[in-house]
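Note sheet for the following structure.
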Amino acid sequence: MDRYKPQEIEKKWQDKWESENVYKTEMDPDRPKYYALEMFPYPSGNLHMGHVRNYSIGDVMARYKTMQGFNVLHPMGFDSFGMPAENAAIKHGVKPSDWTFSNIENMKRQQRSMGLSYDWDREAITCRPDYYKWTQWLFELFYKRGLAYKKKATVNWCDTCGTVLANEQVIDGKCWRCDSPVEKKELSQWFLKITDYADELLEDLKLLKGWPERVKVMQKNWIGRSEGLEFSFDVPSMGTKIPVYTTRPDTAYGVTFLALAAEHPLVEEICKTSPKADEIHAFCEHVRHQSDIERTSSESEKEGINTGVICINPFNGNEVEIWVTNYVLADYGTGAVMGVPSGDQRDWMFADKYGIKKILTLQPKDKQLKLEEMTEAYVEKDGVLVNSGKFTGMEMHKAMGAIIEEAEKQGFGKRHVNYRLRDWLISRQRYWGAPIPVIYCPHCGEVLVPEKDLPVLLPENVSFEQGSVSPLAHCDEFVHCKCPKCGADAVRETDTMDTFICSSWYYLRYTDPKNDKEPFAKDKVNYWAPVDQYIGGIEHAVLHLLYSRFFTKVLRDAGLVDFDEPFTNLLTQGMVIKDGSKMSKSKGNVVSPEEIINKYGADTARLFILFAAPVERDLDWSDQGVEGAFRFLNRVWRILLHFEDTVKGAPTAYDVTKLTKEEKDLRRKLHLTIKKVTEDVGERFMFNTAISNIMELVNELYSFQEKEMNAGLARETAASLLKLLAPFAPHIAEELWSRLFEGSVHQQKWPSYDESALQEDEIEIVLQINGKVRDKIMIAPDLDRDAMKEVALATPRAQELTAGKQVVKVICVPKKLVNIVVKG
RNA sequence: GCGGAUGUGGCGGAACUGGCAGACGCGCCGGAUUUAGGAUCCGGUGCCGCAAGGCGUAUGGGUUCGAGUCCCUUCAUCCGCACCA
């Protein structure tokens with residue numbers, strides 16, 4: 001018998017699969033489809049273990065569903081625009097495209113070495129003109145639908161990356177990519193109007209039954225919908241009004257000051273006439289110098305300055321002073337907040353610090369509050385109103401509605417819904433991205449590049465000497481052009497699009513990747529999409545996964561697709577950990593997939609990574625565990641080749657009734673394994689237990705190593721075992737299949753189990769006395785409760801332990817146990 | 001602070017609907033084979049105890065004939081959100 005040599009057989013089968021194009025997929029409306037998708041990688045140069053885990057999971061699903069008879073779409077591509085390519089250009093003088101494409105080649109080689117069942121004919125590479133042409137086309141679609149606009153705004157700026165960032169890309173006040181602090185800048189930038197879809201993006205989370213709860217919670221928090229009242233305070237001395245937003249209209253009678261954000265436009269107005277202008281300016285300057293982290297931390301000291309300007313609470317006519325503060329955010333709500341010390345802890349602290357008075361407007365139903373005894377605000381959302389004019393005595397929730405109605409009736413306010421979600425800032429001052437297809441004409445203004453002129457090609461010959469300014473802006477032949485409308489000399493937009501735009505629709509492009517007339521044909525996209533199973537890391541919970549949902553909804557409204565959500569089921573895999581932390585170069589705990597595959601083969605790598613932990617949990621890398629997976633595959637190899645001659649000479653059918661007891665047990669184990677693996681893979685995504693079940697079957701098979709075995713059973717066992725193993729370890733399964741059977745294991749039908757094979761003549765049940773296991777007894781499986789009770793009570797063990805005691809009760813669970821409850 | 005998740009042998013983890021806790025794998029111990037090592041095969045391996053038996057799923061309580069699983073309490077760890085008015 002020859003030894004298991006993974007390097008040889010894996011290469012052999014990969015070449016064969018590729019040359020025979022076995023993973024090519026065609027649309028077939030007569031067959032049920034299954035779209036399995038792993039998040040496509042950024043071509044950094046090498047696969048890491050997280051990729052290996054991601055693709056192994058996806059490949060199991062794709063192969064399993066194929067064997068189940070589905071028409072499976074399983075594509076791969078590269079999210080290949082982005083900063084690292086440009087940084088490589090700046091640092092090493094290589095062209096971003098060269099750097100990118102050579103990385104893609106290397107990563108594809110590594111992906112091939114994993115034996116993944118991709119249809120490479122469908123590859124999507126976002127930095128290629130045939131792809132980004134349609135990214136630009138989609139931008140224009142958004143523009144035409146009023147969903148893309150340019151606006152001057154305060155935006156996030158990362159100085160290290162030399163570009164602006166979307167809100168979603170700022171994590172704790174720092175750049176998501178390089179971790180340097182993000183500054184605020186006033187710039188004119190392109191936005192996509194994701195806020196138009198805020199409500200639907202929130203509402204439709206309910207449709208996503210196949211998504212992890214925590215991803216939905218994160219999106220919900222990010223969208224941040226709140227309901228309340230927007231109403232205005234009059235400023236008589238200035239002849240103007242200040243609108244405020246509150247979710248607690250029930251506390252409106254308790255307002256004792258009005259707080260403005262330092263950036264609020266009214267602050268400048270006040271300064272024009274105020275004798276305290278210098279002081280106010282100094283304060284605003286001070287606030288602006290606080291970092292985002294300081295300003296948005298709930299622990300930060302609340303500070304403010306009294307402008308001395310009076311405004312009037314429209315509910316009770318009270319005069320209150322306008323303060324400028326550091327804790328009101330300019331870009332949420334109206335940038336102005338009513339201050340109610342008795343009902344809000346922040347306002348309470350602020351009032352204490354500056355000696356502002358408090359008015360109590362809410363107290364618990366069963367207790368009288370006294371301001372002078374209180375040490376903090378009463379923030380419970382429960383109670384009865386006091387000191388609130390005609391609303392005094394009203395229950396709090398009822399009062400909220402009534403007060404909103406009052407404001408609407410009096411005409412100084414209205415019910416209002418607010419979101420935390422901001423529009424998506426998509427322009428980037430970088431070179432390596434899809435150019436925004438807009439031209440600025442001195443006569444016509446902002447003009448879209450006509451569809452026939454798409455794509456706007458990214459010029460290859462640019463200089464990276466310009467420091468932090470985009471090389472595109474210095475590329476004269478790119479910048480200067482003619483206006484498509486009037487023919488006058490004009491200039492191009494030199495910003496490129498956020499790469500998250502490119503990745504917001506790639507899963508749709510896979511359905512029709514070579515289409516040069518449209519981004520994808522409608523029949524194809526509606527046949528394949530939405531994605532049935534999407535697999536990737538949790539880190540995209542509010543980035544890619546939110547943007548893609550937004551894109552899908554816009555495309556649906558434009559009539560390009562017929563579905564509401566892009567990803568029906570989402571699986572968020574855990575990280576790969578070693579020595580207690582995520583694998584990273586800086587920690588020095590990286591294990592290279594390429595080395596592991598070279599040493600043990602891809603089948604071992606895949607098997608270990610799927611076996612070591614449930615897919616959603618973090619996975620502890622263990623070199624010894626890898627050895628174990630390798631050992632198991634060797635065991636499979638040896639035992640099946642041990643039976644090679646038996647299997648080859650075996651009939652396809654055999655008489656089950658002629659089997660020995662051991663053979664019947666093996667057959668039962670086989671069918672039980674089929675049942676469990678099918679459930680674990682198909683319903684529960686428990687690949688670890690699916691593999692352990694296969695291991696148990698192999699262990700069982702080893703008990704026949706020194707024994708004769710019914711040839712028909714040997715054949716059935718070998719065939720089913722290889723089919724069960726095929727999605728996890730495709731090469732060894734294929735090799736052994738080719739030695740024992742005809743054709744390809746991957747084109748076999750997934751095995752089904754025979755219910756009758758699971759039947760047993762006798763089963764072991766547990767005998768408990770007072771809930772403690774005291775004996776195990778063999779009974780016929782179909783015994784009813786009464787018969788079980790009789791058998792159990794008659795056993796010597798039960799006799800012994802119940803002697804002299806009173807049997808209070810006997811609980812019988814068919815096929816499981818008998819519990820005798822005794823007293824005395 | 002709020003929200004979510006997790007907590008089981010020396011380790012990774014099983015136990016799906018309340019019914020033999022620790023499947024499977026790693027590690028460890030023993031045996032066979034071998035000149036030896038490695039590889040392989042077989043057996044053992046939660047803790048205490050010579051044993052009978054007792055104790056065990058973060059903590060303390062509860063429901064139940066029976067709880068890792070259900071309910072309440074406390075603790076720990078991780079993740080997300082966090083001045084959002």
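The chains referred to below are lettered A, B, ... by the order of the sequence lines, with proteins before strands, and numbering in each begins at 1.
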Would you say [X] places a side-chain N or O within less than 4.0 Å of OP1 or OP2 belonging to [N]?
X: A/Tyr702; N: B/C41; answer: yes
X: A/Arg635; N: B/C41; answer: yes
X: A/Arg617; N: B/A14; answer: yes
X: A/Tyr327; N: B/A85; answer: no
X: A/Arg684; N: B/A15; answer: yes
X: A/Arg420; N: B/A82; answer: yes

Could you tell me whether [X] contacts a base, only the sugar-phosphate backbone, or nothing, with contacts defined as non-hydrogen atoms closer than 4.0 Å?
X: A/Arg774; value: sugar-phosphate
X: A/Phe608; value: nothing
X: A/Ser622; value: nothing
X: A/Gly628; value: sugar-phosphate
X: A/Val821; value: sugar-phosphate

Checklist entry - In dot-bracket notation, what is the pairing pattern of RNA chain B, taking Watson-Crick (N1-N3 plus N6-O4 or O6-N4) and G-U wobble (N1-O2 and O6-N3) contacts under 3.5 Å, with [ ] crossing and | for other strands? => result (((((((..(((......[....)))((((((.......))))))(((....)))..(.(((..]....))).))))))))....
Nucleotide nearest [X] (side chain, heavy atoms from C-beta), chosen from [options]:
X: A/Tyr245; options: B/G19, B/G13, B/A85; result: B/A85
X: A/Pro614; options: B/G13, B/C16, B/C41; result: B/G13
X: A/Lys302; options: B/G13, B/C79, B/C83; result: B/C83
X: A/Ile811; options: B/G19, B/C16, B/G4; result: B/G19

Item to check | Glycosidic conformation of B/G13, taking syn as within 90° of 0 and anti otherwise | outcome: anti
Nearest-Å distance for atom pair [atom1]/[atom2], residues [X] and [N]:
X: A/Phe630; N: B/C26; atom1: CZ; atom2: C1'; result: 16 Å
X: A/Arg53; N: B/G12; atom1: CZ; atom2: C1'; result: 12 Å
X: A/Leu607; N: B/C26; atom1: CG; atom2: C1'; result: 14 Å
X: A/Lys789; N: B/C65; atom1: NZ; atom2: C1'; result: 13 Å
X: A/Glu706; N: B/G43; atom1: CD; atom2: P; result: 12 Å
X: A/Gln219; N: B/C81; atom1: CD; atom2: P; result: 12 Å
X: A/Leu701; N: B/C42; atom1: CG; atom2: P; result: 11 Å
X: A/His264; N: B/A85; atom1: NE2; atom2: P; result: 17 Å

The criterion is salt bridge (charged side-chain N to carboxylate O under 4.0 Å, His left out); which residues satisfy it with [X], sequence neighbours excluded?
X: A/Lys358; value: A/Asp352
X: A/Glu321; value: none
X: A/Lys578; value: none

Checklist entry - Under 3.5 Å, is there a donor-acceptor pair linking the side chains of A/Tyr253 and A/Asn313? => result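 No donor-acceptor contact under 3.5 Å links the two side chains.
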Separation between the [atom1] atoms of [N] and [M], rounded to whole Å:
N: B/A67; M: B/G1; atom1: P; result: 35 Å
N: B/U17; M: B/G68; atom1: P; result: 15 Å
N: B/C78; M: B/C24; atom1: C1'; result: 26 Å
N: B/U73; M: B/C2; atom1: P; result: 14 Å
N: B/G18; M: B/C65; atom1: C1'; result: 12 Å
N: B/G46; M: B/A21; atom1: C1'; result: 10 Å

Indicate yes or no: at least one non-hydrogen side-chain atom of [X] is less than 4.5 angstrom from one of [Y].
X: A/Trp222; Y: A/Leu421; result: yes
X: A/Lys707; Y: A/Glu662; result: yes
X: A/Glu539; Y: A/Trp176; result: no
X: A/Thr717; Y: A/Phe643; result: no

Could you pull out the protein-nucleic contacts involving nucleotides 20-24 of chain B (nitrogen or oxygen on both sides, under 3.5 Å)?
from: B/C20; atom 1: O2; to: A/Lys776; atom 2: NZ; distance (Å): 2.5
from: B/A23; atom 1: O2'; to: A/Glu696; atom 2: OE2; distance (Å): 2.9

Just distance, no hydrogens or angles: give the donor-acceptor pairs under 3.5 Å from side chains in residues 607-631 of chain A, sequence neighbours left out.
from: A/Glu616; atom 1: OE1; to: A/Thr572; atom 2: OG1; distance (Å): 3.1
from: A/Asp618; atom 1: OD1; to: A/Met575; atom 2: N; distance (Å): 2.8
from: A/Trp621; atom 1: NE1; to: A/Asp623; atom 2: OD1; distance (Å): 3.0
from: A/Ser622; atom 1: OG; to: A/Gln624; atom 2: N; distance (Å): 3.4
from: A/Ser622; atom 1: OG; to: A/Gly625; atom 2: N; distance (Å): 2.7
from: A/Glu627; atom 1: OE2; to: A/Tyr600; atom 2: OH; distance (Å): 2.8

Per-pair distances, 0.1 Å, donor-acceptor, side chain in residues 681-691 of chain A, under 3.5 Å, sequence neighbours excluded:
from: A/Arg684; atom 1: NE; to: A/Asp680; atom 2: OD1; distance (Å): 3.3
from: A/Arg684; atom 1: NH2; to: A/Asp680; atom 2: OD1; distance (Å): 3.1
from: A/Thr689; atom 1: OG1; to: A/Asp680; atom 2: OD2; distance (Å): 2.9
from: A/Thr689; atom 1: OG1; to: A/Met686; atom 2: O; distance (Å): 3.1

Item to check | Parallel, tilted or perpendicular: ring planes of A/His540 versus A/His544, cut at 30 and 60 degrees | outcome: perpendicular
Item to check | side chain to side chain contact (heavy atoms under 4.5 Å, CB included) partners for A/Asp423, two or more places apart | outcome: A/Tyr149, A/Phe191, A/Lys193, A/Ile194, A/Thr195
Checklist entry - Excluding sequence neighbours, so at least two apart, what forms side chain to side chain contact (heavy atoms under 4.5 Å, CB included) with A/Glu790? => result none
Item to check | 5' priority, RNA chain B, between A/Glu679 and A/Val813 [closest heavy atom] | outcome: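 Nearer the 5' end of the strand: A/Glu679.
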Item to check | Toward the 5' end of RNA chain B, by each residue's nearest nucleotide, A/Glu213 or A/Asp331 | outcome: A/Glu213
Item to check | Residues which pass ring pair (Phe, Tyr, Trp, His ring centres under 6.0 Å) with A/Phe632, listed by chain and number, not counting sequence neighbours | outcome: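 Partners of A/Phe632 by the ring pair (Phe, Tyr, Trp, His ring centres under 6.0 Å) criterion come out as none, since no residue qualifies.
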Next on the checklist: Suppose we call a contact any N or O donor and acceptor under 3.5 Å apart; does that hold for the side chain of A/Asn819 and the base of B/C65?
Outcome noted: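 By the distance-only test, yes, there is a pair.
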Item to check | Inter- and intrachain pairs under salt bridge (charged side-chain N to carboxylate O under 4.0 Å, His left out), touching residues 810-822 of chain A, at least two apart | outcome: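 The answer is none; no pair qualifies.
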Dump the pairs, protein N or O against N or O of nucleotides 27-33 of chain B, anything under 3.5 Å, distances to one decimal.
from: B/G27; atom 1: OP2; to: A/Arg631; atom 2: NH2; distance (Å): 3.2

